[in-house]
Amino acid sequence: MPCLFCEIVAGRIPARVAYQDDTVLAFHDINPQGPVHVLVIPKRHITSLTDLTPQDDVLVGSLVRRARDLAQAEGLEDRGFRLVFNHGPDAGYSVYHVHLHLVGGRKLGWPPG
Ligand code: AMP
Ligand code: ZN
């Protein structure tokens with residue numbers, strides 16, 4: 001079965017795109033966990049955090065800085081926001097293509113559920 005997020009990158013499955021460039025795509029989560037919930041992904045398929053190599057350091061940095069920029073654009077800089085990478089069953093990792101969650105716009109509990 002094709003990777004869901006690769007299908008979104010290819011434009012074969014629709015998404016509400018918030019940002020894209022040559023290497024990064026950001027789109028709104030279909031099941032938002034807050035007023036703002038955006039997924040920031042590499043356009044290239046990487047299955048999970050455990051597959052990252054030192055060659056991906058710049059890419060990972062760009063995911064984090066893009067999520068930060070989107071948070072600022074959503075007006076979340078002062079009130080705060082959260083960035084999350086999940087991996088594996090305990091974290092509920094469900095789409096096997098690396099993605100960074102940006103969640104904000106409400107008070108977020110800690111520790112997370
Ligand atoms: P994770 O649990 O970290 O694997 O997160 C996967 C995320 O992808 C969940 O928050 C889902 O709501 C989200 N998701 C699943 N399918 C879609 C889709 N077609 N468009 C946007 N977000 C999706
Ligand atoms: Zn993929």
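As the structure lists them, so they are numbered: ligands from 1, and atoms in each ligand from 1.
Paired with R66 under the rule side chain to side chain contact (heavy atoms under 4.5 Å, CB included), one option of V64, L63, L70 passes, and it is L70.
If you check which protein heavy atom lies closest to atom 22 (N) of ligand 1, you get I30 N, 3.2 Å. For atom 7 (C) of ligand 1, the closest non-hydrogen atom on the protein side is D29 OD2, 3.5 Å. In this structure, atom 5 (O) of ligand 1 lies nearest to the protein heavy atom H99 NE2, 3.0 Å. Annotation: atom 16 (N) of ligand 1 to nearest protein heavy atom, L4 CD2, 3.3 Å.
Contacts of L39 with ligand 1, taken as heavy-atom pairs under 4.0 Å, involve the side chain alone.
Ligand-side atoms of ligand 1 in range of S94: 1 (P), 2 (O), 4 (O), 5 (O), 6 (C), range being under 4.0 angstrom from any heavy atom. The ligand atoms of ligand 1 that sit less than 4.0 angstrom from a heavy atom of N31 are 12 (O). Below 4.0 Å from some heavy atom of V95 lie the following atoms of ligand 1, by number and element: 4 (O), 6 (C). Within ligand 1, counting atoms from 1 as listed, the ones closer than 4.0 Å to a heavy atom of Y93 are 3 (O), 4 (O).
Considering both main-chain and side-chain atoms, H28 never comes within under 3.5 Å of ligand 1 through any nitrogen or oxygen pair. Considering backbone and side-chain N/O of G92, one or more are found under 3.5 Å from N/O of ligand 1. Ligand 1 has an N or O atom lying under 3.5 Å from an N or O atom of N86, backbone or side chain. Checking only distances, H37 never comes within under 3.5 Å of ligand 1, N or O to N or O. For ligand 1, the polar-atom distance check finds no N/O of F5 at less than 3.5 Å from any of the ligand's N/O atoms.
Across all their heavy atoms, H99 and F5 have their closest contact at ND1-CE1, 3.5 Å. Heavy-atom minimum distance, L52 versus D56: CA-OD2, 3.5 Å. Minimum heavy-atom separation, F85 to V98: CE2-CG1, 3.9 Å. Nearest heavy atom pair, residue A26 against residue V38, reads CB-CG1, 4.0 Å.
Panel note: side chain H97, backbone P42; a donor-acceptor pair is recorded below 3.5 Å. Distance alone, capped at 3.5 Å, places no donor-acceptor pair between the Q20 side chain and the A18 backbone. Here the side chain of R79 pairs no donor or acceptor atom with the backbone of G104 at under 3.5 angstrom.
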Exercise. Decide side chain to side chain contact (heavy atoms under 4.5 Å, CB included) for T23 and R44; before the verdict, give the C-alpha distance in whole Å, the side-chain angles of both, and the deciding distance to 0.1 Å.
Key: CA-CA 7 Å; T23 57; R44 174 167 62 86; over 6 Å; no
Self-check item: H101 and H37: CA distance, side-chain angles, deciding distance, ring-ring contact (aromatic ring centres under 6.0 Å, His included) verdict
Solution: CA-CA 7 Å; H101 294 258; H37 189 170; 5.1 Å; yes
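Q33 does not count as a contact of ligand 1, since none of its heavy atoms falls under 4.0 Å from the ligand.
For the Zn ion (ligand 2), the count of nearby protein N, O or S atoms, meaning those under 2.8 Å away, is 4.
Around atom CG of D90, no more than 12 heavy atoms belonging to other residues, nucleotides or ligands sit under 6.0 Å away. The number of heavy atoms from other shown groups lying within 6.0 Å of CZ (R106) is above 12.
Under a 4.5 Å side-chain heavy-atom criterion applied to ILVMFWY residues, the cluster that includes V103 comprises L108 as well.
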